[in-house]
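For reference, the structure is listed below as C-alpha cells.
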Amino acid sequence: MELKSKDLLDIKSLDREEINLFLDSAESFKEVTGRDIKKVPTLRGKTVVNLFFEPSTRTRTSFEIAAKRLSADVINFSISGSSMSKGESLLDTARNIEAMSSDFIIIRHSASGAPHMLAQCLKSSVINAGDGSHEHPTQALLDLVTIKERKGGIEGLKVAIIGDIAHSRVARSNIYGLTKLGAEVRVAGPPALIPAEIESTGVSVFYNLKEALSDVDVIMVLRLQLERQGKNYFPTTREYARLYCLTAERIRDAKEDVMIMHPGPINRGIEISPEVADGLSSVILEQVTNGIAVRMGVLYLLGGRGEA
C-alpha cells in the first residue's frame with residue numbers, strides 16, 4: 001500500500017489503513033534504533049529542513065535525529081535571523097527554502113492551517129509538527145505506537161484524555177487516531193476547556209475525574225496550554241490541580257495495569273504528580289523514544305526509496 005499524499009498534515013484525513021502503515025513502519029525502524037550503529041542509507045542525498053516558529057525541544061530534536069539516522073542532510077532554520085524578521089511572508093520563505101532543493105519541510109507554526117497552505121503550494125513534502133490548536137499528527141502516531149506496544153493492540157481499549165482539550169492539538173490528533181482504530185475515548189476537564197462540539201468526534205465527555213477514569217486502560221494527561229488560552233478558564237492552577245491533577249490515589253479508579261502518558265513538557269504537581277509521572281505505570285520516556293522511530297517511518301514513507 002502507498003500513501004495518498006506526499007505530505008503528513010493531520011490524522012483526520014488519514015484512513016485506518018494509512019494509520020496502520022505509519023505504525024508498522026515505525027515498528028520496523030525501532031529495530032534500527034536498537035542497533036550499535038543506528039544509521040541506514042535510506043535518505044542519503046535528501047535534505048530535511050526544520051522550520052519551527054514555536055519553541056520546541058522534543059519534536060524538533062526528534063525529527064533531527066530521525067532524519068540523520070536515515071542519512072539525510074538536516075537544516076534547522078532560525079526564524080529570528082531570517083528574512084521573515086524583515087517582513088517576508090511564510091510562503092515566500094518556504095518557496096526560497098524549496099528552491100535550495102529541500103525535499104522535506106517540517107513546520108511548526110502558531111497558525112492553524114499553516115502546513116496545509118504550504119503543502120498546496122510546494123512540491124516538497126510538508127510535515128506538520130504542530131499547527132496552532134489544530135493537530136500534531138506525529139505525536140499521535142508515537143502515542144499509538146506506544147499504546148499498541150504495551151497493550152498488544154488498540155481496538156476495544158478505554159482511553160481517557162484529561163486536561164485542556166480545547167487548546168490541545170495533541171488531543172485532537174489522538175482522538176481521530178484512537179477512534180479510527182476502534183478505541184473508546186473519554187475526555188475530561190473543566191467545562192470551559194472542553195469544546196462544545198467535541199462529542200461529534202465520537203468521544204464521551206466527563207467533568208468528574210473519578211467517573212472518567214473508571215476502568216480505563218490508558219490515561220493521557222495533557223499540558224495546560226496557558227500560552228494559547230488568552231484568558232483565565234479556571235480561578236488558579238492550584239484549583240485546577242485540586243480537581244484534575246492525576247495522583248496515585250486517583251489512578252486507583254483505573255485498571256490495575258493502566259498506562260500513563262503525557263506529551264510533555266510536564267507541569268509537575270499541576271497536571272500530574274511526580275510519583276505518577278515517574279511511576280511504573282508511566283510510559284512518558286517510552287513515548288519520547290518511540291518518537292524517533294515514528295518520525296523515521298514518516299520520512300521513509302513520504303520520500304524514502306531505500307531499504308532499512
Open item on the list: With a 4.0 Å cut-off on N to O distance, would you call Glu98 and Arg95 a salt bridge?
Closed with: no

Ion pair Lys4/Asp15, N-O distance below 4.0 Å
yes

Output for pair (Gln120 CD, Leu9 CG), nearest 0.5 Å, gives 9.0 Å

Rounded to the nearest 0.5 Å, the CZ atom of Arg250 sits from the SG atom of Cys245 at a distance of 7.0 Å

Side chain to side chain contact (heavy atoms under 4.5 Å, CB included) test vs Phe22 passes for just one of Thr138, Leu3, Ile11, namely Leu3

| Do Leu144 and Leu178 have side chains that get closer than 4.5 Å, going by heavy atoms? | yes

Taking every heavy atom of Ala277 against every heavy atom of Ile266, the minimum-distance pair comes out as CB-CD1, 4.4 Å

Between the NZ atom in Lys151 and the CG atom in Leu157, the distance rounded to the nearest 0.5 Å is 7.0 Å

- Do the ring centers of Phe77 and Phe52 come within less than 6.0 Å of each other? no

field: Trace of the side chain to side chain contact (heavy atoms under 4.5 Å, CB included) decision for Glu17 with Lys180
entry: CA-CA 10 Å; Glu17 289 71 27; Lys180 287 180 180 184; over 6 Å; no

Between Val48 and Leu299, the two heavy atoms sitting closest are CG2-CD2, 4.4 Å

Note: Arg223 and Pro265 closest approach over all heavy atoms is CD-O, 3.2 Å

Nearest heavy-atom approach of Ala129 to His136 is O-CE1, 3.5 Å

N-O pairing of Asp215 and Lys158 below 4.0 Å:
yes

side-chain hydrogen bond (donor to acceptor under 3.5 Å, both in side chains) between Ser110 and Glu54, intermediate numbers included:
CA-CA 7 Å; Ser110 60; Glu54 290 183 322; 4.7 Å; no

Given the options Glu155, Glu286, Glu27, Lys148 meets salt bridge (charged side-chain N to carboxylate O under 4.0 Å, His left out) only with Glu27

* State plainly whether the residues Arg16 and Glu18 are in salt-bridge range, i.e. N to O under 4.0 Å. => no

Ignoring hydrogens and geometry beyond distance, is a side-chain donor-acceptor pair present between His109 and Asn128 at under 3.5 Å?
no

